[in-house]
Amino acid sequence: MSTIAAFYEGKSILITGATGFLGKVLMEKLFRTCPGLKVIYILVRPKAGHTLQQRVVQILNSKLFEKVKEVCPNVHEKIRAIKSDLNHSDLAISKEDMQELLSCTDIIFHCAATVRFDDHLRHAVQLNVIATQKLLLMASQMPKLKAFIHLSTAFSNCNLKHIDEVVYPCPVEPKKIIDSMEWLDDAIIDEITPKLIGDWPNTYTYSKALGETVVHQESGRLNTAIVRPSIVGATWQEPFPGWVDNTNGPSGLIIATGKGFLRGLRATPMAVADMIPVDTVVNLTLAVGWYTAVHRPKSSLVYHCTSGNLNPCYWGKIGFQVLAVFEKVPFEKAFRRPNAGLTVNTITSQYWNAINHWAPVILYDFYLRLTGRKPRMTKLMNRILKMVSMLEYFINRSWEWSTDNTEMLMSTLTPEDQRIFNFDVRQLNWLDYIENYVLGIKKYLLKEDMAGVPEAKQHLKRLRNIHYLFNTALFLIAWRLLIARSQVARNVWFFICPLYNL
Ligand SMILES: CCCCCCCCCCCCCCCCCCCCCCCCCCCCCC(=O)SCCNC(=O)CCNC(=O)[C@H](O)C(C)(C)COP(=O)(O)OP(=O)(O)OC[C@H]1O[C@@H](n2cnc3c(N)ncnc32)[C@H](O)[C@@H]1OP(=O)(O)O
Ligand SMILES: NC(=O)C1=CN([C@@H]2O[C@H](COP(=O)(O)OP(=O)(O)OC[C@H]3O[C@@H](n4cnc5c(N)ncnc54)[C@H](OP(=O)(O)O)[C@@H]3O)[C@@H](O)[C@H]2O)C=CC1
């Protein structure tokens with residue numbers, strides 16, 4: 001039997017962020033491979049008019065949990081949603097729930113975070129730093145607790161080029177930042193944010209760095225560990241390839257490209273695309289939970305969950321493969337044919353923005369207005385280009401992450417655990433992975449049926465014809481104007497087309 005699965009047997013596990021991308025895959029894997037676990041507590045807030053129970057039912061009824069329901073039919077009895085909002089100073093957990101959590105929890109996986117790059121610093125600090133602090137305090141009162149696993153990001157130190165598996169000191173102590181958030185008003189925080197975040201590109205990565213420092217400084221006698229994934233993408237293998245359910249990171253750009261909105265990116269083709277499948281992250285996280293609880297390392301360990309140093313892939317290669325998949329399996333109802341390029345040149349990128357991005361949407365919105373409909377494309381393009389501008393920092397640089405702790409952990413696992421909780425990215429074939437990723441976006445995110453592929457191809461053919469017609473018309477108009485104004489153009493025209501004189 002798997003040593004890791006045996007460890008989780010009979011355990012009560014607390015997960016924050018269980019309704020998020022990573023949290024759902026973590027829960028799925030736990031239920032599927034460790035059906036003997038006692039209960040999974042999840043901290044959930046009501047959202048978008050849905051109660052906690054409705055949110056749980058939604059998750060359990062999703063495609064992701066189909067296999068779980070076969071292996072663990074009583075899954076709904078093993079999941080206990082606890083009402084909580086990490087934005088509140090006391091996490092908004094009721095007294096009774098708190099009592100239960102304090103007395104029963106064996107392991108904590110802290111995944112909840114705001115992952116918005118441009119979040120207000122106050123909110124980023126509240127969720128990514130203060131909530132982490134509160135959870136640590138809670139954890140310190142749990143007599144049965146064996147491990148506290150904190151999910152961070154490999155980019156928490158993206159201001160460095162080479163990153164080791166250590167917690168680096170922050171320029172300003174988190175305690176001081178937390179204190180200042182209490183008395184500074186939003187306008188002042190806005191003003192000082194660029195100074196505070198310094199050479200971090202955004203409030204997200206900065207607040208995650210602060211969060212790590214809090215774990216490092218305030219874990220006391222707890223067994224803690226930090227997992228740092230790089231850019232988390234769709235599932236590689238489990239429970240099936242290509243599953244993804246949000247537009248963060250690469251997924252949003254792949255959609256924008258496939259729908260024909262995004263025609264060019266300022267990106268460095270030879271920069272390492274340090275992506276990591278979500279199931280790989282989850283496998284490592286569960287192995288870290290086991291190792292931390294059972295081996296109790298003397299100090300808190302950091303584990304890099306990255307691909308670049310073991311099996312590097314590059315943005316150029318990914319771009320080519322994404323476009324190749326669109327040739328075979330296009331997305332439905334594309335605005336234009338999917339075709340994009342990468343450039344490192346800012347002027348070329350600005351030219352592309354004007355000609356390839358803004359001009360078509362402005363024209364289309366004009367057409368919508370003429371036909372009495374509401375224009376919507378310029379708004380959408382604004383959003384896409386905002387997202388692109390936020391991601392540009394990450395697609396024009398390469399980082400080196402050392403992975404000694406992660407490799408050490410891999411070598412500690414039994415062969416069976418290495419298979420069941422596989423996080424060896426050397427086995428990953430990038431071209432197959434990207435193909436499944438794009439297909440997964442189509443099926444699980446855009447909810448498009450594969451039966452619609454022939455119609456999608458027809459649609460692209462029509463778009464190509466419209467494109468040719470449009471270009472020909474544009475050329476004729478330009479030429480006609482030129483002939484009317486320039487003697488040289490008229491002479492050339494009479495020379496190449498003598499019949500015109502008759
Ligand atoms: C040698 C020569 C070679 C040449 C090679 C040529 C080859 C050809 C090249 C072809 C190119 C093909 C391109 C294919 C693309 C592949 C490459 C992709 C690169 C991707 C790079 C990713 C880098 C990621 C780096 C991550 C580092 C850190 C990782 C982490 O730790 S955390 C996770 C990352 N977090 C995020 O990604 C969050 C980012 N998002 C935000 O911060 C915000 O959403 C925002 C972008 C700031 C936008 O904020 P707004 O307030 O404006 O919007 P809001 O978020 O409120 O959303 C409003 C509604 O819009 C919906 N929405 C948001 N984003 C998208 C989207 N991307 N797509 C669709 N819809 C989106 C959102 O759901 C809301 O909808 P509503 O709820 O219904 O209102
Ligand atoms: N995705 C990625 O590329 C990467 C992610 N990570 C890290 O992995 C972890 C998980 O990320 P991911 O799953 O992608 O993020 P998601 O945005 O998908 O999920 C975030 C989770 O946090 C919860 N949450 C947010 N605010 C609150 C709140 N106020 N109270 C309670 N819960 C809240 C969300 O709940 P709700 O559903 O209610 O909003 C959701 O469950 C994060 O720590 C992130 O930093 C690290 C590297 C890369």
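All ligand and atom numbering here is 1-based and tracks the order in the structure. Small disclaimer: the values here were computed from a predicted structure and weren't measured.
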| message | Applying the side chain to side chain donor-acceptor pair (under 3.5 Å) criterion to Ser152, which one of Arg228, Lys208, Glu212 satisfies it? | response | Glu212
| request: Give me the ring orientation class for Tyr444 and Phe240: parallel if the planes are under 30° apart, tilted from 30 to 60°, perpendicular past 60°. | output: tilted
| request: Please report the C-alpha distance between Arg122 and Asp186 in whole Å, then the side-chain angles of each, then the deciding distance to 0.1 Å, and finally whether the salt bridge (charged side-chain N to carboxylate O under 4.0 Å, His left out) criterion is met. | output: CA-CA 8 Å; Arg122 184 193 297 288; Asp186 282 358; 2.8 Å; yes
| field | Whether Tyr204 and Phe117 hold their rings parallel, tilted or perpendicular, with breakpoints at 30° and 60° | value | tilted
| task | Find out whether the Lys NZ or Arg CZ of Lys69 is both under 6.0 angstrom from the six-membered ring centre of Phe65 and within 45° of the ring's axis. | result | no
| task | Test Lys67 against Glu70 for salt bridge (charged side-chain N to carboxylate O under 4.0 Å, His left out), laying out the working first. | result | CA-CA 5 Å; Lys67 276 192 188 164; Glu70 287 167 22; over 6 Å; no
| request: May I ask whether Phe155 has any heavy atom positioned less than 4.0 angstrom from an atom of ligand 2? | output: no
| request: Mark up the atoms of ligand 2 that fall under 4.0 Å of a heavy atom belonging to Leu22, in ascending order. | output: 8 (O), 10 (C), 13 (O)
| message | Any heavy atom of Cys111 closer to ligand 2 than 4.0 angstrom? | response | yes
| message | Between ligand 2 and Thr153, is the shortest N or O to N or O distance under 3.5 Å? | response | no
| said: Please check whether Gly20 reaches ligand 2 - meaning an N/O of the residue sits under 3.5 Å from an N/O of the ligand, judged on distance alone. | reply: yes
| query | In terms of ring plane angle, is the pair His150 and Phe148 parallel, tilted or perpendicular, where the classes change at 30° and 60°? | reply | parallel
| task | Measure from atom 37 (O) of ligand 2 to every heavy atom in Arg55, His50, Arg45 and give the option owning the shortest one. | result | Arg55
| note | Judged by heavy atoms only, the candidate from Asn87, Thr19, Val44, Val281 nearest atom 35 (O) of ligand 2 is Thr19
| Sub-4.0 Å heavy-atom approach of Leu43 to ligand 2 | no
| task | Could you list which atoms of ligand 2 come closer than 4.0 Å to a heavy atom of Ala112? | result | 22 (O), 23 (C)
| task | Please identify which atoms of ligand 2 are closer than 4.0 Å to at least one heavy atom of Leu151. | result | 43 (O)
| field | Within-cut-off N or O pair, Lys208 and ligand 2, under 3.5 Å | value | yes
| field | Proximal ligand 2 atoms for Asn246, defined as those under 4.0 Å from one of its heavy atoms | value | 18 (O)
| message | Could you tell me if His162 and Glu400 have a donor-acceptor pair between their side chains, going purely by distance under 3.5 Å? | response | yes
| Taking N or O atoms only and a 3.5 Å limit, does Gly23 qualify as a polar contact for ligand 2? | no
| Taking the six-membered ring for Trp, is the centroid-to-centroid distance between Phe155 and Trp401 below 6.0 Å? | yes
| Listed once per pair and sorted, the salt bridge (Lys or Arg N to Asp or Glu O under 4.0 Å) pairs that draw on residues 86-111, sequence neighbours left out | Arg80-Asp97, Arg80-Glu100, Asp106-Lys146
| said: So if I count the atoms of ligand 2 from 1 in the order they appear, which ones are less than 4.0 Å from some heavy atom of Phe21? | reply: 13 (O), 14 (O), 18 (O)
| note | Checking heavy-atom distances from atom 20 (C) of ligand 2 to each of Ala113, Ser152, Ser230, the winner is Ala113
